[in-house]
Amino acid sequence: MSRPFISRSRTCRAIAIAALTGAALLAGGPLSAQAATHTMAPGAAWVDGNSQEGEAIVYAGLKRVTVCDFNANDGTAVGIKYATSFLRVIQVQAPQGGCADDSVFFGSITMARFCSGFAGGSFPSRCAATARFS
């Protein structure tokens, strides 16, 4: 993952941090440089993941998610863990090298996390920070 250039001077550092924070807010993602590097899918409210493993998308209506595994041969599984307003926690894992979609009929998505880990085991164990939706 590429890292943003941040100058050693306080003024330039403050401008760079403000730009990253603003880009993340406009993208609807968590406040991190990683969230600012993602290209938002049309209608997406939130995107997280990384370029080597995959990504998870929560769409603007907070009713649908997509999780994609970018590499079929890396031995890594990716998934999304999300919660609904009906207090259900749902885990969706992408097939190796593919994508999986899921949606909620009642209520809406209130929280989501991108997860990755070793393929072949249980649901991926390394999960990113939780994004909360109101």
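What you are looking at is a predicted structure, and each value in this text was computed from that prediction instead of being measured.
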- Message: Can you give me the closest heavy-atom contact between T76 and S116, atom names plus distance?
- Response: CG2-CB, 4.3 Å
- Where do F114 and E53 come nearest, in terms of heavy atoms and distance? CE2-OE1, 4.3 Å
- Item | Worked verdict on V104 versus Y82 for side-chain contact (heavy atoms from CB on, under 4.5 Å) | CA-CA 11 Å; V104 297; Y82 68 92; 3.8 Å; yes
- Distance in Å, I90 CD1 paired with I109 CD1, rounded so as to fall on 0.5 Å steps: 8.0 Å
- When hydrophobic residues are tied together by side-chain contacts of less than 4.5 Å, even through go-betweens, does M111 share a cluster with V65? no
- Message: Just checking F123: does its CZ atom have more than 12 heavy atoms from other residues, nucleotides or ligands closer to it than 6.0 angstrom?
- Response: yes
- Within one Ile-Leu-Val-Met-Phe-Trp-Tyr cluster: F118 and F70, side-chain cutoff 4.5 Å: no
- Message: Let me confirm one number: the CD-NZ distance from Q93 to K81, rounded to the nearest 0.5 Å.
- Response: 11.5 Å
- Note on the structure: Of all heavy-atom pairs linking V58 and I80, the shortest is CG2-CD1, 4.0 Å
- Query: Where is the tightest heavy-atom contact between A100 and A94, given as atom of each residue plus distance?
  - Reply: CB-CA, 4.1 Å
- Nearest heavy-atom contact between P124 and C127 is O-SG, 4.2 Å
- Message: Closer than 3.5 angstrom, by distance alone: can the side chain of R64 be matched with the main-chain N or O of S103 as a donor-acceptor pair?
- Response: no
- Query: Which word best sums up how the rings of F86 and F106 line up, parallel for under 30°, tilted for 30 to 60°, or perpendicular for over 60°?
  - Reply: tilted
- Note on the structure: Value for CG (L62) from OG (S85), rounded to nearest 0.5 Å, stands at 9.5 Å
- Minimum heavy-atom distance Q96-D69, with the two atoms named: NE2-OD2, 3.1 Å
- Message: Determine whether T110 and T84 satisfy the following criterion, side-chain contact (heavy atoms from CB on, under 4.5 Å), listing intermediate values before the conclusion.
- Response: CA-CA 5 Å; T110 58; T84 71; 5.6 Å; no
